[in-house]
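Below you'll find the structure, written out as structure tokens, and then a few comments.
The residues of the chain are indexed from 1 along the displayed sequence.
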Amino acid sequence: MITVYNTMTRQKEELKVKNNKIKLFVCGPTVYDYSHIGHARTYISFDVIVRYLKHEGYSVFYLQNITDIDDKIINRAKENGEDPLELSHRFEKEYMDDMEKLNVTNVNFYARATEHMDEIISQIKKLVNKGYAYDTPTGVYFDVSKFEDFGKLSNRNLDDLQNTRIEVDTTKDDPKDFALWKKQDSQPYWDSPWGKGRPGWHIEDTAITESYFGPQYNIHGGGLDLIFPHHDAEIAQMEAASSKEPLVEYWMHTGFLNVKGEKMSKSLGNFITIKQLLENYEPDVYRFFVLSTHYRSPIDFSDDILKQAENSLERIQNTTGKLIEKLSSDNLVQESNDEITNQLEVFRNEFFDAMDNDFNTPIALSSLFNFTHTLNKELSEDNLSKDDLENIIDTLREVESILGLSLFKQDDTSSDEVLDIIIDVRSQLRSNKQWDLADKIRDDLSALDINIEDK
């Protein structure tokens with residue numbers, strides 16, 4: 001039985017879905033800059049959650065949005081003298097590249113806001129027609145006073161909203177009302193029943209999720225900082241438009257990431273992009289660091305802690321390397337080791353119990369460490385048979401797949417040697433002026449992301 005902490009009810013609940021089918025939506029990035037390590041923390045966490053759900057037999061459709069039009073995008077484009085959509089799509093590509101390097105591979109579909117304008121406009125129409133939204137000279141706004149339970153996810157009431165940082169607009173009925181459509185005549189804009197403009201931030205997500213999941217679905221995830229006002233606004237919009245509740249059965253949120261105890265920000269000089277991180281650390285090291293803390297807990301980033309994660313992962317990889325080496329040895333006992341069979345079962349139970357308990361990866365990793373200590377002892381005493389080794393390796397491969405970590409070192413020696421041979425052959429072809437064949441080899445390698453520059 002898998003239990004999930006539901007932010008809405010503030011307690012762990014048994015995960016119950018029809019036919020083991022899960023519709024999951026996680027808020028994606030606003031692509032106006034390089035993604036940072038806080039984004040990576042959230043997306044790695046949900047990638048592992050999805051991996052485990054699939055392992056346990058659930059069919060998961062994981063949807064993520066891409067906010068490719070927003071005030072931040074427009075302002076950054078003006079600073080750069082660049083078209084806003086060209087800028088957003090450039091940083092979207094950078095984001096995808098970051099996710100691939102971090103082995104975040106389980107998102108089924110990325111939905112751009114700009115490709116769902118019809119759905120966004122349709123949802124705003126419903127809210128206007130139902131009396132939940134109104135038109136002004138500056139835009140269309142959601143009337144929060146009309147939605148009785150506004151703030152139920154963050155547990156805030158309307159009086160609390162008075163002091164929040166909401167842009168002052170004297171055309172609104174109430175400063176607390178938020179934009180569904182922002183009117184503007186400058187590019188980029190889209191035509192709508194209320195004039196030229198573009199959508200507000202919150203309406204993009206509910207229009208997208210309604211397009212793919214309908215008005216209700218199973219799990220919504222994101223960072224803790226998005227609960228208010230973003231997720232509260234999503235709930236109000238969709239439940240008002242559809243007259244159905246709840247919008248979502250389970251709300252899941254990742255904790256804050258700090259850098260050396262302080263909130264990450266450019267003004268403090270501690271802002272770290274994923275690209276900067278990966279200049280100094282392997283992707284698996286950061287992934288291991290993220291999984292060493294429960295996804296709901298705050299996490300503190302520092303070089304010292306990353307070094308600890310690097311060393312811990314290396315110790316595990318050293319043990320798995322010994323297992324592989326031992327398996328190819330002729331010096332193996334014939335009979336299975338009952339003690340190691342029992343220890344393997346204990347490890348499996350501890351690992352899967354931890355993952356069943358709201359995806360508790362630090363406890364799961366702790367059980368893995370304890371098991372590797374046992375393995376090192378048995379390896380030193382030559383107490384393992386071929387069957388023992390194969391069962392252990394199969395289990396560790398299974399764990400590797402769930403965590404998305406390389407628990408077994410990748411041996412690239414042979415591939416490097418092959419590449420050297422190919423380059424030597426190509427050089428000889430060029431020396432013999434067989435340009436066409438040499439160019440074909442270069443182009444074929446380029447298709448595999450192996451780039452050769454002729455000088």
Side-chain angles (χ1 to χ4, degrees), residues 44 47-48 51-52 55 101-103 105 278 280-292 305-352 354-355 361-423 448-450:
I44 287 171
D47 184 72
V48 173
R51 285 171 181 268
Y52 188 67
H55 180 274
K101 288 176 180 174
L102 291 170
N103 201 23
T105 59
L278 297 182
N280 300 308
Y281 296 97
E282 291 296 318
D284 271 334
V285 171
Y286 188 72
R287 195 174 177 102
F288 189 94
F289 159 76
V290 167
L291 300 182
S292 297
I305 298 174
L306 261 289
K307 287 292 184 185
Q308 292 175 23
E310 189 173 45
N311 293 336
S312 298
L313 179 58
E314 187 173 336
R315 287 200 295 272
I316 295 172
Q317 291 175 335
N318 287 338
T319 301
T320 57
K322 292 175 186 176
L323 291 171
I324 298 295
E325 184 179 354
K326 192 67 176 177
L327 185 60
S328 61
S329 169
D330 295 329
N331 183 26
L332 297 174
V333 298
Q334 296 301 309
E335 294 185 8
S336 293
N337 183 329
D338 290 340
E339 177 62 22
I340 200 64
T341 300
N342 292 335
Q343 289 296 322
L344 178 60
E345 188 63 24
V346 168
F347 163 60
R348 286 188 64 89
N349 289 337
E350 289 178 349
F351 180 88
F352 286 101
M355 294 301 291
T361 53
I363 299 299
L365 286 177
S366 176
S367 69
L368 175 59
F369 266 115
N370 292 337
F371 186 52
T372 55
H373 291 323
T374 301
L375 290 176
N376 286 328
K377 177 177 179 294
E378 297 296 335
L379 284 163
S380 66
E381 297 177 357
D382 287 331
N383 285 337
L384 301 175
S385 69
K386 181 180 179 181
D387 285 345
D388 292 332
L389 289 165
E390 287 178 342
N391 289 335
I392 292 165
I393 291 170
D394 285 347
T395 296
L396 293 178
R397 290 289 189 193
E398 185 180 2
V399 168
E400 181 180 58
S401 176
I402 290 169
L403 299 179
L405 281 169
S406 296
L407 300 183
F408 293 80
K409 282 185 178 178
Q410 305 298 314
D411 184 5
D412 294 329
T413 304
S414 60
S415 61
D416 288 343
E417 290 173 350
V418 171
L419 185 57
D420 287 340
I421 293 170
I422 293 172
I423 291 173
L448 298 173
D449 287 334
I450 301 171

Determine, for Glu325 against Lys322, whether the closest basic-nitrogen to carboxylate-oxygen distance falls under 4.0 angstrom. no
Exercise: identify the closest heavy-atom pair between Ala354 and Ala364: CB-N, 3.6 Å
Side chains of Arg348 and Val399: does their closest heavy-atom pair fall under 4.5 Å? no
Contact check, side chains of Leu102 and Leu278, non-hydrogen atoms, under 4.5 Å: yes
State, to 0.1 Å, how close Thr105 and Asp47 come at their nearest heavy-atom pair, and which atoms those are. N-OD1, 3.1 Å
Should Arg397 and Glu400 be marked as a salt bridge (charged side-chain N to carboxylate O under 4.0 Å, His left out) after you check the CA-CA gap, both sets of side-chain angles, and the distance that decides it? CA-CA 5 Å; Arg397 290 289 189 193; Glu400 181 180 58; 3.3 Å; yes
Sub-3.5 Å donor-acceptor pair from the side chain of Ser385 to the main-chain atoms of Asp388, do we have one? yes
Is there a donor-acceptor contact under 3.5 Å linking the side chains of Asp338 and Thr341? no
So Ile324 and Lys409, side chain to side chain contact (heavy atoms under 4.5 Å, CB included) or not? Walk me through it. CA-CA 10 Å; Ile324 298 295; Lys409 282 185 178 178; over 6 Å; no
Quick one: closest heavy-atom pair of Arg51 and Ile402, and the distance? CD-O, 3.2 Å
To the nearest 0.5 Å, what is the distance between OG1 (Thr395) and CG (Leu368)? 11.0 Å
Do Leu407 and Gln317 have side chains that get closer than 4.5 Å, going by heavy atoms? no
For residues Leu384 and Leu332, determine if any side-chain heavy atom of one lies less than 4.5 Å from a side-chain heavy atom of the other. no
Separation between CZ (Phe351) and CD1 (Ile363), nearest 0.5 Å, reads 12.0 Å
I'd like to check Lys307 versus Tyr281 (side-chain heavy atoms, cut-off strictly below 4.5 Å). Are they in contact? yes
Distance in Å, Gln308 CD paired with Asn311 CG, rounded so as to fall on 0.5 Å steps: 8.0 Å
Contact check, side chains of Val333 and Asp382, non-hydrogen atoms, under 4.5 Å: no
Can you say whether the rings of Tyr52 and His55 are parallel (under 30°), tilted (30 to 60°) or perpendicular (over 60°)? parallel
Please check if atom CD in Glu335 has more than 12 non-hydrogen atoms from other residues, nucleotides or ligands closer than 6.0 Å. no
Measure across Asn383 and Asn337 and return the closest heavy-atom pair with its distance rounded to 0.1 Å. O-ND2, 3.1 Å
Note, Ile316 side chain near Phe288 side chain (heavy atom, < 4.5 Å): yes
Between OG1 of Thr374 and CZ of Phe369, what distance do you get to the nearest 0.5 Å? 13.5 Å
Which distance, rounded to the nearest 0.5 Å, do you find between the CG of Leu403 and the CD of Glu398? 10.5 Å
Under the criterion side chain to side chain donor-acceptor pair (under 3.5 Å), I'd like the reasoning laid out for Asn370 against Ser367: C-alpha separation, chi angles, the key distance, then a yes or no. CA-CA 5 Å; Asn370 292 337; Ser367 69; over 6 Å; no
Working to the nearest 0.5 Å, report the span between CD1 of Ile392 and NZ of Lys326. 12.0 Å
Do you know which two heavy atoms are closest between Ser336 and Asp387, and how far apart they sit? OG-CB, 3.9 Å
Got more than 12 heavy atoms from elsewhere within 6.0 Å of CD, Glu282? no
Is any side-chain heavy atom of Phe289 closer than 4.5 Å to a side-chain heavy atom of Val285? no
